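Everything quoted here is computed from the prediction, not taken from an experiment. Proteins come first, then strands; the chains are lettered A, B, ... in the order of their sequence lines, and each starts at number 1.
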Amino acid sequence: MANYWLMKSEPGCFSFDDLLQAPGQTTSWDGVRNYQARNLMRDSVSIGDGVLFYHSNISDPVIAGTARVVKGGYPDHTALDPRGEHFDPKATAQNPIWYMVDIQAVSALANPVTRSMLKNHPGLADLDVLKKGNRLSVQPVSECHWRMILSLGGMIADECPVRRNNRKSH
DNA sequence: GCCAACGTTGGC
DNA sequence: GCCAACGTTGGC
């Protein structure tokens, strides 16, 4: 069963449009230098998983589009390049320390889902990216949240069936 | 531009 | 191993 993730990028650095224009509409998610995000990419992010592409650190943060994982965790070789900005002197070929995945664009959202739209949706109250102080650049997203967000984005018609079925027990 | 929250570093 | 200092993230 595929999993779902939210990945953050500052659009001034790399935007969803940049991904659409990249060769094969694919990019390596390199340069992540946070152990928690590293562990997720190394151990959990797998081929076929769904990705919400989130534009962070702008006046109106937004989920711009969706992508899919086309290559699971593998060593981030940019840590080995002494001239690159992601160089880590502690990394070696034998002990790469840092890992990355490859993602390929699937589609821009018909209606980009802004942060305020996310905050206004009661069903998304516990979405990780909305939590104060959450800086993790790769975050797990439940299937329920995934569906709600794609629904807000005008990509699918239905909302989360689990939520509908559980409503009586709340 | 401000500043709260977080992760990392390094002295002890 | 503690924790203060620091740098970074990122919403507002």
Side-chain angles (χ1 to χ4, degrees), chain A residues 3-22 27-45 49-67 69 72-103 105-106 108-142 144-155:
Chain A
N3 291 311
Y4 303 97
W5 310 95
L6 180 147
M7 295 192 185
K8 293 184 198 171
S9 185
E10 299 193 15
C13 179
F14 189 85
S15 69
F16 189 73
D17 275 346
D18 291 330
L19 180 61
L20 289 174
Q21 286 162 28
T27 195
S28 296
W29 210 251
D30 62 14
V32 175
R33 298 292 178 264
N34 169 283
Y35 285 104
Q36 216 179 329
R38 186 281 307 267
N39 293 345
L40 287 174
M41 290 201 292
R42 186 190 58 192
D43 305 333
S44 302
V45 182
D49 287 356
V51 174
L52 299 171
F53 196 109
Y54 179 85
H55 285 173
S56 67
N57 206 13
I58 53 176
S59 60
D60 200 9
V62 66
I63 295 171
T66 60
V69 177
Y74 65 107
D76 180 350
H77 54 76
T78 66
L80 300 177
D81 176 6
R83 281 180 238 174
E85 53 185 315
H86 300 306
F87 178 60
D88 182 345
K90 297 190 296 300
T92 64
Q94 290 70 34
N95 179 24
I97 302 181
W98 303 111
Y99 284 75
M100 61 186 178
V101 300
D102 289 356
I103 67 169
V106 173
L109 292 190
N111 312 119
V113 178
T114 64
R115 186 175 179 86
S116 55
M117 289 166 68
L118 293 171
K119 284 197 294 188
N120 286 335
H121 193 296
L124 294 170
D126 55 351
L127 186 70
D128 280 352
V129 78
L130 294 180
K131 289 174 186 161
K132 188 171 184 180
N134 193 330
R135 299 164 30 173
L136 198 58
S137 61
V138 178
Q139 307 183 357
V141 174
S142 71
C144 201
H145 287 162
W146 169 266
R147 294 173 68 89
M148 285 187 213
I149 291 165
L150 289 200
S151 177
L152 283 175
M155 305 303 285

Quiz item: Please walk me through it: do A/Arg83 and A/Asp81 pass salt bridge (Lys or Arg N to Asp or Glu O under 4.0 Å)?
Solution: CA-CA 5 Å; A/Arg83 281 180 238 174; A/Asp81 176 6; 5.4 Å; no
Which nucleotide, [options], lies nearest any side-chain atom of [X]?
X: A/Arg115; options: B/dT8, C/dG11, C/dG10; answer: C/dG11
X: A/Ser56; options: B/dT9, C/dG11, C/dT8; answer: C/dG11
X: A/Asn34; options: B/dG7, B/dA5, C/dG10; answer: B/dG7

Quiz item: Side-chain N or O of A/Tyr54 less than 4.0 angstrom from OP1 or OP2 on C/dG11?
Solution: yes
Quiz prompt | N or O in side chain of A/Lys8 less than 4.0 angstrom from C/dT9 OP1/OP2 | solution = no
Quiz item: Nearest nucleotide by nearest heavy atom, which residue falls closer to the 5' end of DNA chain B, A/Lys132 or A/Asn57?
Solution: A/Asn57
Quiz item: Taking for each residue the nucleotide of DNA chain B bearing the nearest heavy atom, is the 5' side occupied by A/Lys90 or by A/Asn134?
Solution: A/Asn134
Rounded to the Å, how far apart are [X] [atom1] and [N] [atom2]?
X: A/Asp128; N: B/dA5; atom1: CG; atom2: C1'; value: 15 Å
X: A/Arg33; N: B/dT9; atom1: CZ; atom2: P; value: 13 Å
X: A/Leu6; N: C/dG11; atom1: CG; atom2: P; value: 10 Å
X: A/Arg135; N: B/dC3; atom1: CZ; atom2: P; value: 18 Å
X: A/Tyr35; N: C/dT8; atom1: OH; atom2: P; value: 16 Å
X: A/Leu136; N: B/dG7; atom1: CG; atom2: P; value: 8 Å

Quiz item: Going through the checks in order, is the salt bridge (Lys or Arg N to Asp or Glu O under 4.0 Å) test met by A/Arg38 and A/Asp76?
Solution: CA-CA 10 Å; A/Arg38 186 281 307 267; A/Asp76 180 350; over 6 Å; no
Quiz item: Heavy atoms under 4.0 Å, any strand shown: does A/Lys119 hit a base, just sugar-phosphate, or nothing?
Solution: sugar-phosphate
Quiz item: Are the ring centres of A/Tyr35 and A/Trp98 closer than 6.0 Å?
Solution: yes
Quiz prompt | Set of residues satisfying side-chain contact (heavy atoms from CB on, under 4.5 Å) with respect to A/Ser9, sequence neighbours excluded | solution = A/Phe14, A/Trp29, A/Phe53
Quiz item: Who passes side-chain hydrogen bond (donor to acceptor under 3.5 Å, both in side chains) against A/Asn34, sequence neighbours left out?
Solution: none
